[in-house]
Amino acid sequence: MIDEIHVSNVALIRDASFSPSRGLTAITGETGAGKTALLSACKLLVGGRADKAAVREGADRLSVEGRLFFDNAADIPEGVELEDGEAVVCRRVSIDGRSRASVNGHMASAKEIARLVAPTLDLCSQHEHQALMRPTTHLSLLDAWAKDSISEAHANYLSAFEAAKRAADELSRVKAAGEASTARLDEARFTLQRIDSVGVSDEGEYEELAARLEKAENAESLVSATNCAYESLSGEGGAIDALDAAASALEGASAYDKTLADLASSLREASYVLEDVSREALSYRDSVEFDCDALEEAQERMAALQGLLRAFGPRLSDVIAAREEAAELVSLVDDAEERERTAVRALEAAERELSEAATALDTARRKMAPRFAQAVSKVMARLEMGSASLECEVSELPRDKWTKEGPHQVEFMFRPGSGMQARPLARIASGGEVSRVMLAIKVALGEADSVDTLLFDEVDAGVGGATAVALASVLADLAKTHQVIVVTHLAQVAVAADVHYVVRKTQGDVPETSLSVVSGEERAFEIARMLSGDVTETSLAHAREMLHNASSE
């Protein structure tokens with residue numbers, strides 16, 4: 001949803017701000033006033049190609065800034081972080097053609113801006129190749145409209161499609177392993193034999209063995225140290241005897257001064273601690289074993305493990321992984337035929353399930369396609385398009401062309417009249433027809449449409465009279481579910497807008513375009529100009545009446 005667009009030095013525009021309504025916003029102005037410059041600015045915001053020719057004469061660069069809000073977090077592309085769903089997008093184009101872009105103050109590429117903004121904004125005009133005009137998007141539009149009727153069938157198809165892909169990948173893997181070169185197979189067998197000859201199963205064995213060896217190799221030093229500690233504490237004349245003597249002396253003197261009793265008590269407690277240390281040191285000394293055979297065995301085990309680490313490490317977990325990989329390859333080759341038969345049967349079963357799911361999805365889409373086309377055609381009839389209608393063509397794809405979206409393609413076909421041939425929507429020549437068909441599709445989609453903002457240009461080309469009134473009514477309906485911005489020359493459309501902007505161009509040596517919102521009597525004058533080309537009492541009275549009727553509806 002666009003909150004505001006600020007444009008500077010684009011074509012004839014020096015500086016202008018534009019805050020469209022959440023409903024219907026109309027942009028009007030005399031021919032050549034500069035409405036096209038606003039559309040060019042919007043194209044830049046959706047990642048369009050930068051053109052130095054758009055820079056205002058005398059300026060060194062142009063700038064377009066837009067503040068957008070994403071009401072639905074699901075609309076924000078993966079990997080993009082926005083605070084409170086708000087994005088400030090900026091494009092700057094210098095006179096030398098260099099383009100710079102940013103999102104919330106952080107540098108971004110035009111592609112990154114397109115990924116963020118383009119899915120939320122449709123530029124609906126004769127000359128734009130917007131999403132609706134690409135047949136590849138038609139299937140998703142049908143599914144969005146028929147979501148309640150198709151979603152379950154599509155979910156089942158997607159699950160079966162992914163299962164079939166996994167089965168096909170497994171078969172390819174089994175076949176590739178079965179065709180493994182002799183060198184690879186010999187290497188795998190050697191790896192398996194070498195690791196199994198050592199026998200490795202516990203990732204923590206190396207650390208445990210290293211600690212045990214450290215103790216065994218230094219047993220003499222450990223015994224000497226703990227024996228020294230024991231003798232120093234408990235031996236004759238050791239620390240414990242000295243503490244006991246000191247405590248006894250203080251206890252005897254405490255008869256004359258009670259404070260010495262506390263000192264004696266502290267010495268007794270320290271003596272108890274030293275006795276505990278002495279006992280543990282003696283116990284440790286007696287537990288140390290001098291087993292030369294065990295030491296030699298542990299050293300040999302350590303050497304074997306270090307050899308594996310050098311070959312397959314640096315960790316035992318890497319050694320274990322290398323063994324599993326080698327064992328898998330050897331097993332695949334040794335049991336290649338049986339594994340391939342199993343993989344073929346699994347793929348055939350997955351393909352049968354996929355075929356059933358594809359049939360169910362095809363049935364659901366073919367059932368909903370004419371209903372969608374009928375809904376769009378009803379809106380086209382409201383737009384006074386005569387017997388013109390839309391058809392939704394569903395065609396099957398060969399199995400190798402199936403995608404996650406389905407086993408077929410969908411394309412919208414336009415029939416200009418009941419007696420005329422339907423043609424692909426993308427090939428319609430009339431810009432006015434294109435815009436009105438797009439408008440009808442958007443109205444039929446309603447809230448199911450993933451695009452929040454629609455900018456219409458030339459939607460009223462060649463329209464007048466009753467058709468103009470119908471067009472205004474349809475745009476107003478669309479604005480209930482979308483943010484709609486329409487560049488129009490029809491007074492009937494302008495009076496239906498929630499916000500009305502006027503583009504004006506001043507005369508002079510260097511013409512300048514301004515953009516301003518109009519309301520009240522100023523808006524009535526603009527409507528009167530649109531009605532008659534000039535403001536007269538009659539046209540002004542008519543304009544006031546139209547505005548009054550629109551506000552009371």
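What you see is a predicted model; the values in this text were computed from it and never measured.
The shortest distance between side-chain heavy atoms of Leu45 and Ile113 does not fall below 4.5 Å. Counting only heavy atoms from C-beta outward, the side chains of His138 and Glu393 never approach each other to under 4.5 Å. Considering only heavy atoms from C-beta on, Leu68 stays 4.5 Å or farther from Asp3 through its side chain. Side-chain contact between Met385 and Arg436 is present, with heavy atoms from C-beta onward closer than 4.5 Å. When side chains are defined from C-beta on, Thr506 does not count as touching Ser514, because their heavy atoms never get closer than 4.5 Å. For the pair Ile441 and Phe412, the minimum side-chain heavy-atom distance is below 4.5 Å. Within the 4.5 Å cutoff, the side chain of Leu62 has no heavy atoms near those of the Arg92 side chain. Within the 4.5 Å cutoff, the side chain of Arg61 has no heavy atoms near those of the Val93 side chain.
Rounding to the nearest 0.5 angstrom, the gap separating the CG atom in Asn549 from the CZ atom in Arg544 is 14.0 Å. Here the CG-NZ distance, from Leu38 to Lys43, works out to 11.5 Å after rounding to the nearest 0.5 Å. Between the OG1 atom in Thr120 and the CZ atom in Phe69 there is a gap of 13.0 Å [rounded to 0.5 Å]. A distance of 11.0 Å separates CD1 in Ile527 from CG in Leu540, rounded to the nearest 0.5 Å. Rounded to the nearest 0.5 angstrom, Leu142 CG and Arg371 CZ are separated by 11.5 Å. Arg345 contributes atom CZ, which lies 7.0 Å from atom CZ of Arg341 (distance to the nearest 0.5 angstrom).
Residue Glu521 places its CD atom among more than 12 non-hydrogen atoms of other residues, nucleotides or ligands, all under 6.0 Å distant. Within 6.0 Å of the CD atom in Glu4, the count of heavy atoms belonging to other residues, nucleotides or ligands exceeds 12. When the shell of 6.0 Å around CZ of Arg382 is examined, it contains more than 12 heavy atoms from other residues, nucleotides or ligands. In the displayed structure, Glu30 atom CD is contacted under 6.0 Å by at most 12 heavy atoms of other residues, nucleotides or ligands.
Of all heavy-atom pairs spanning Pro407 and Leu361, the tightest one is CD-CD2, 4.0 Å. In terms of heavy-atom proximity, Cys90 sits nearest to Ser63 at SG-OG, 4.2 Å. When every heavy atom of Gly23 is checked against every heavy atom of Ala479, the shortest pair comes out as C-CB, 3.6 Å. Looking at every heavy atom in both residues, Asn9 comes nearest to Ala59 through CG-CB, 3.5 Å. Contact detail for Ala444 and Val376: the closest heavy-atom pair is CB-CG2, 3.7 Å. Between Trp402 and Leu397, the shortest heavy-atom distance links the atoms NE1-O, 3.0 Å.
Checking side-chain atoms of Glu112 against main-chain N and O of Ser109 turns up a donor-acceptor pair under 3.5 Å. Looking only at distances, a side-chain donor or acceptor of Thr363 sits under 3.5 Å from a matching main-chain atom of Thr359. In this structure, Ser387 contributes its side chain and Gly417 its backbone to no donor-acceptor pair below 3.5 Å. At distances below 3.5 Å, not a single donor-acceptor pair connects side-chain atoms of Ser21 with backbone N or O atoms of Thr25. No donor-acceptor distance shorter than 3.5 angstrom exists from the side chain of Asp449 to the backbone of Leu445, with no hydrogens or angles considered. Here the side chain of Ser551 pairs a donor or acceptor atom with the backbone of Leu547 at under 3.5 angstrom. Using a distance-only test at 3.5 Å, with no hydrogens or angles considered, a donor-acceptor pair links the side chain of Arg366 to the main chain of Val394. With hydrogens and angles ignored, the 3.5 Å screen pairs a side-chain donor or acceptor of Ser377 with a backbone N or O of Leu390. Checked by atom type and distance alone, the side chain of Tyr157 never pairs as donor or acceptor with a backbone atom of Ala360 at under 3.5 Å. Under a 3.5 Å cut-off, the side chain of Asp122 and the backbone N or O of Leu454 do not form any donor-acceptor pair.
Paired with Phe456 under the rule side chain to side chain contact (heavy atoms under 4.5 Å, CB included), one option of Leu439, Ile27, Val487 passes, and it is Leu439.
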| So Thr28 and Val503, side chain to side chain contact (heavy atoms under 4.5 Å, CB included) or not? Walk me through it. | CA-CA 6 Å; Thr28 65; Val503 179; over 6 Å; no

| task | Please assess Glu526 against Arg529 for the test salt bridge (charged side-chain N to carboxylate O under 4.0 Å, His left out), listing each intermediate value before the final yes or no. | result | CA-CA 5 Å; Glu526 173 64 12; Arg529 182 200 64 76; 2.7 Å; yes

| Does the side chain to side chain contact (heavy atoms under 4.5 Å, CB included) test come out yes or no for Glu353 and Phe161, once each step is laid out? | CA-CA 9 Å; Glu353 292 184 9; Phe161 181 82; over 6 Å; no

| query | Between Thr453 and Gln483, is a side chain to side chain donor-acceptor pair (under 3.5 Å) present by the stated rule, with each step listed? | reply | CA-CA 5 Å; Thr453 301; Gln483 181 185 46; 2.7 Å; yes

| query | Going through the distances and angles, do Glu391 and Arg415 end up as a salt bridge (charged side-chain N to carboxylate O under 4.0 Å, His left out)? | reply | CA-CA 7 Å; Glu391 295 181 7; Arg415 189 183 299 278; 2.2 Å; yes

| Audit row: Cys42, Leu123, side chain to side chain contact (heavy atoms under 4.5 Å, CB included) steps and yes/no | CA-CA 8 Å; Cys42 289; Leu123 301 175; 4.1 Å; yes

| Do Thr513 and Arg504 pass the side chain to side chain donor-acceptor pair (under 3.5 Å) test, and can you show the C-alpha distance, the side-chain angles, and the key distance before you say yes or no? | CA-CA 6 Å; Thr513 292; Arg504 298 185 178 93; over 6 Å; no

| field | Val7 vs Phe18, side chain to side chain contact (heavy atoms under 4.5 Å, CB included): CA-CA, chis, key distance, verdict | value | CA-CA 8 Å; Val7 180; Phe18 173 43; over 6 Å; no

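With respect to the salt-bridge test (charged N to carboxylate O, under 4.0 angstrom), the residues Asp143 and Arg365 qualify. Salt-bridge formation is detected for the pair Glu351/Arg399: a Lys NZ or Arg NE/NH1/NH2 atom is positioned less than 4.0 Å from an Asp or Glu carboxylate oxygen. With salt bridges taken as basic N to acidic carboxylate O contacts below 4.0 Å, none links Arg173 and Asp169. A salt bridge links Asp477 with Lys480; the closest basic N to acidic carboxylate O contact falls under 4.0 Å.
Side-chain polar atoms of Ser8 and Arg14 form no donor-acceptor pair below 3.5 angstrom. For Ser395 and His408, the side-chain atoms include no donor-acceptor pair closer than 3.5 Å. With no hydrogens or angles considered, no side-chain donor-acceptor pair links Ser140 and Thr137 at under 3.5 Å. Side-chain contact annotation: Asp452 with His482, donor-acceptor N/O pair under 3.5 Å absent.
The side chain to side chain donor-acceptor pair (under 3.5 Å) pairs that include a residue from residues 49-60 number zero, where partners must be two or more places apart or lie in different chains.
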